[in-house]
Amino acid sequence: MIPQTDMSPASTPRVRFAPSPTGYLHVGGARTALFNWLFARHTGGTLILRIEDTDFERSSEEMVEGILEGMRWLGLNWDEGPFFQSQRLDLYRQTAETLLASGHAYPCFCTKAELEQRRAAQAVSAGCPPMYDRRCRTIDPPLAAQRKAAGEPFAVRFAVPDGRSTGFDDAVFGRIEFANAEIEDFVLLRSDGIPTYHLSVVADDIDMRLTHIIRGADHISNTPKQVLQYQALGATLPTFAHVPLILGPDKTRLSKRHGATSVISYKELGIVPEAFRNFLALLGWTPGPGHKDREIFSSDDLIQLFSLEGISKSNAVFDNDKLAWFNTEYIRAYDAEKLPRLIEEEWAKAGFTPTRPREEILAAIDLLKPRARNLKDFATIFRAYFSDTFDYDPAAVAKFLSDGAVRAFLVQLSQRYAAAREFTEAETETILRAFADESRIKAGPLINGSRVALTGQAVAPSLFAVMANLGKDRVVKRLASSESIKAESSKAD
RNA sequence: GGCGCCAUGGUGUAAUUGGUUAACACGCCGCCCUCUCAAGGCGGAGAGUUCGGGUUCGAUCCCCGAUGGCGCUACCA
């Protein structure tokens, strides 16, 4: 079952991302996927997507779809697959047969209940590791055959060789070794004929001719079990590269407790995929010399610079603030081509279509993007720039429009603007300041009040730039209706 | 408990693979600009490299130990 007919040059790396669909694509998995993708693209190798769904209890189709969605959002395309382990059961059974036939594995008739009982007893008696006692390993083959024939259910266990130790050279951690005495005779095939992870990974990794296994460091302890199988099967060992884990702010393993851990939830938060990718790439990896002081890397940069050597050994803490920073950097760097496309999705989700001419919309986006923290801002706090139906932030109204006199002045001001010939940034400012002088009031309150009346927000770009963008008609109309703005009401116009 | 791995400011990482005033970014603090700030500009604090021993003329870097954190310890993956 080990295909030796590899037509492709041995030098072409083949890697895989092998999530198990027992949950959504979480950030740790996403980074593993990213590293595999970067490695494949950097080396011109092949990325395979394999769904490890041999745990029928916990796997589901929605989770598979969720994982694919996350991959697509991050722009991580794969070359082969997705393959489903649930559809490759024959391969695993045959591999188990091979191991059985060569004496590297044996049938185990112990029931799950018995094992649990013994484990509990062991735990009580001493602090020794609860390992399988190998009692079925010594059953005479004829007797075993007889029991099998009698229909007694059995699992297949790997016979871990005595003596020595088993190790491997990890591309990240270096040489790692385990004493064989510490490795238990693990189950390859459950009594229902379904393989365990230990068997299916190895059978597939060999069958798919993988050259590099890039995965989370939580698999380090499993690796010797896999190395043993490669040896028993006479297969050549791939290069293992274990990637340190991502921890939450409290330095415990990232989990739901830490809030958003699903990749898709970041999309929903208005994070742009490139920012997320950039952020993830720098979590546990650094580009080589000459790029130490750089933070922003395009996908092409990352692909070009990526190497296994740059992966660090220690766990990294997920820092939301830094992700937020990457996001603002990307948003403000996007050109008038890309950003609007992303924003349109947000508008669609928010359920409205901007009515203004395209050039004005682009100009507004340009004006706003230095202040945007995420894509959603364009559909929420920036809504007044794209729609005549928008909310007034109650706090902003309370702060700058609570004074009735100011409102009255704004209405008067609207008349000045109605008479304006030009509507440039400079001209709108001249008009306002002249009006303030004549009215013997300070420009500040007028400016702040206008801002709220025009945008519904206390925070915005320079007021006159906003006016120039909004245009005369809108400015006049919104200022004129200043009197009717109510803090608690939400709609204008 | 056993086994394995890791350890540089709050966070992510650097430091010609033993010689640096230990660097950069995020965050934080302050100041400036100003019509607002979640914008921009400028500056600052913050680690003597977890701790203790070695080796060395000299250790962030090499060795040993301790401590701490994380992972694994299933007929889960």
With sugar-phosphate meaning primed atoms plus P, OP1 and OP2, does [X] contact a base, only sugar-phosphate, or nothing at under 4.0 Å between heavy atoms?
X: A:R215; answer: nothing
X: A:C108; answer: nothing
X: A:D53; answer: nothing
X: A:P195; answer: sugar-phosphate
X: A:Q457; answer: nothing
X: A:L463; answer: base

*With P as the reference atom in both, quote the distance from B:rA77 to B:rC70 in angstrom, rounded to an integer.*
25 Å

*B:rC61 and B:rC28, which share atom name P, separated by this distance in whole Å*: 33 Å

*Look through every strand shown and name the nucleotide pairing with B:rU34 as Watson-Crick or G-U wobble, where both distances are under 3.5 Å.*
none

*Just name whichever nucleotide pairs with B:rA47, Watson-Crick or G-U, keeping both distances under 3.5 Å, else none.*
none

_Whether A:R50 contacts B:rA77 is assessed here as follows: a side-chain N or O lying under 4.0 Å from the phosphate OP1 or OP2. Is that the case?_
no

*Once the angle between the rings of A:W285 and A:F297 is folded into 0 to 90°, is it parallel (under 30°), tilted (30 to 60°) or perpendicular (over 60°)?*
perpendicular

*Is a donor on one side and an acceptor on the other found under 3.5 Å between the side chain of A:N327 and the backbone of A:A275?*
no

*So, are A:R50 and A:D207 salt-bridged, with charged N and O less than 4.0 Å apart?*
no

*Determine, step by step, whether A:N222 and A:Y197 satisfy the side chain to side chain donor-acceptor pair (under 3.5 Å) criterion, reporting the C-alpha distance in whole Å, the side-chain angles of both residues, the deciding distance to 0.1 Å, and the verdict.*
CA-CA 10 Å; A:N222 292 325; A:Y197 163 76; 4.8 Å; no

*Look at the side chain of A:D218 against the base of B:rA77 and say whether a donor-acceptor pair falls under 3.5 Å; ignore hydrogens and angles.*
no

_I want to verify a distance call: between B:rA77, B:rG4, B:rG27, whose nearest atom is closest to the A:R58 side chain?_
B:rA77

*Side-chain donor-acceptor pair under 3.5 Å between A:T54 and A:R190, yes or no?*
no

*So which of residues 312-323 of chain A are in contact with RNA chain B, with a heavy-atom cut-off of under 4.0 Å?*
A:S312, A:K313, A:S314, A:N315, A:A316, A:V317, A:D319, A:D321, A:K322

*Criterion side chain to side chain contact (heavy atoms under 4.5 Å, CB included) against A:L199, the qualifying member of A:T95, A:I194, A:D204*: A:T95

